[in-house]
Amino acid sequence: MDALLELEREIVAWLNQGIGRSYLLDRATYLVVSDYFIPLMMCFWGLGIWFHGKDARAREGNQKAVLAAAISLGFANLLVLVVNQFVFRERPFVHHELANLLYAPTDSSFPANPAAVAFAMAMGVWLKNRWASAPLFFLAALWSFARVYNGLFYPSDVAAAGLIGVAVACLVTLALRAVEPLPTRVLKGARLLHLA
């Protein structure tokens, strides 16, 4: 176990050496690693999926995918919060001299909340519309990598969080299928309000 932890520290330190070498790369990394850019891009993509579909049936399928993704995102966030009550892991920058383009969070590094919610959203869409989920998986992976590169998380933090997000999305999608008249009625209500 100690060898794995040491390997993770070396990976983070090696990746983090890139910060400060190129102004343009640092600016791009700052944008990607921030708390807002990737989540907003994912939300805009989800909004596009919500209103997209060649016919009413396809549009309803996409809306069910976005609904599952949004619920999955919330439950993944909750599960990370629960895990954090029992597991605390300090951030990589606490123990190592690392450059940091963002602020210095004080919450637990394990599991990585951004990766959990991003992969939950991507998987929630994937289970209904695989094509539409590709950009979401790309953004989730990019955000996770940028957070490791910036010294905010260890690789195992984002890997475990990604698995949490995927598992939660699968469970939420199964639960929505089990209560099937309810999601359809929610969407019908949204249509009455001109929201779908």
Point to revise | Ring geometry between Trp126 and Phe137 (parallel below 30°, tilted from 30 to 60°, perpendicular above 60°) | key: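 Ring orientation of Phe137 relative to Trp126: perpendicular.
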Within the 4.5 Å heavy-atom criterion, are [X] and [Y] side-chain neighbours or not?
X      : Y      : value
Ile19  : Tyr149 : yes
Met123 : Cys170 : yes
Leu102 : Arg147 : yes
Ser72  : Met121 : no
Pro111 : Asp157 : no
Pro105 : Phe93  : yes
Phe51  : Asn62  : no
Phe110 : Tyr154 : no

Practice item. List the steps and the verdict of side-chain contact (heavy atoms from CB on, under 4.5 Å) for Phe37 and Val33. Key: CA-CA 8 Å; Phe37 181 73; Val33 82; over 6 Å; no
Check your understanding: Is atom CZ of Phe138 surrounded by more than 12 heavy atoms (other residues, nucleotides or ligands) closer than 6.0 Å?
Key ->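 Incorrect, the count does not exceed 12.
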**Study point:** Glu97, CD atom: more than 12 neighbouring heavy atoms under 6.0 Å
**Key:**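 Atom CD in Glu97 is not packed in, count stays at 12 or less.
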Review point. Testing Leu79, Asn77, Leu78, Leu73 for side chain to side chain contact (heavy atoms under 4.5 Å, CB included) with Phe75, which one passes?
Key: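 The residue from Leu79, Asn77, Leu78, Leu73 that satisfies side chain to side chain contact (heavy atoms under 4.5 Å, CB included) with Phe75 turns out to be Leu78.
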Point to revise | Residue from Leu163, Val148, Leu152 passing side chain to side chain contact (heavy atoms under 4.5 Å, CB included) with Val158 | key: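 Going through the options one by one, the only one that passes is Val148.
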Donor-acceptor pair between [X] and [Y] side chains, under 3.5 angstrom:
X     : Y      : result
Tyr30 : Asn150 : no
Lys64 : Thr184 : yes
Glu90 : Ser109 : no

Review point. Rounded to the nearest 0.5 Å, what separation is found between the CZ atom of Arg59 and the CD1 atom of Ile49?
Key: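 Arg59 atom CZ to Ile49 atom CD1 measures 14.5 Å (nearest 0.5 Å).
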**Study point:** Separation between OG of Ser156 and CG of Leu5, rounded to the nearest 0.5 Å
**Key:**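 Answer rounded to 0.5 Å: 7.0 Å.
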Do [Y] and [X] meet the salt-bridge criterion of a basic N to acidic O distance under 4.0 Å?
X      : Y      : value
Glu6   : Arg9   : yes
Asp107 : Arg89  : no
Glu60  : Lys188 : no

Practice item. Please step through side-chain contact (heavy atoms from CB on, under 4.5 Å) for the pair Tyr23 and Leu25, ending with a clear verdict. Key: CA-CA 6 Å; Tyr23 175 78; Leu25 180 60; over 6 Å; no
Practice item. Keeping the roles fixed (side chain from Asp26, backbone from Thr29), state whether a donor-acceptor pair exists under 3.5 Å. Key: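 Pair absent, no side-chain N/O of Asp26 close to backbone of Thr29.
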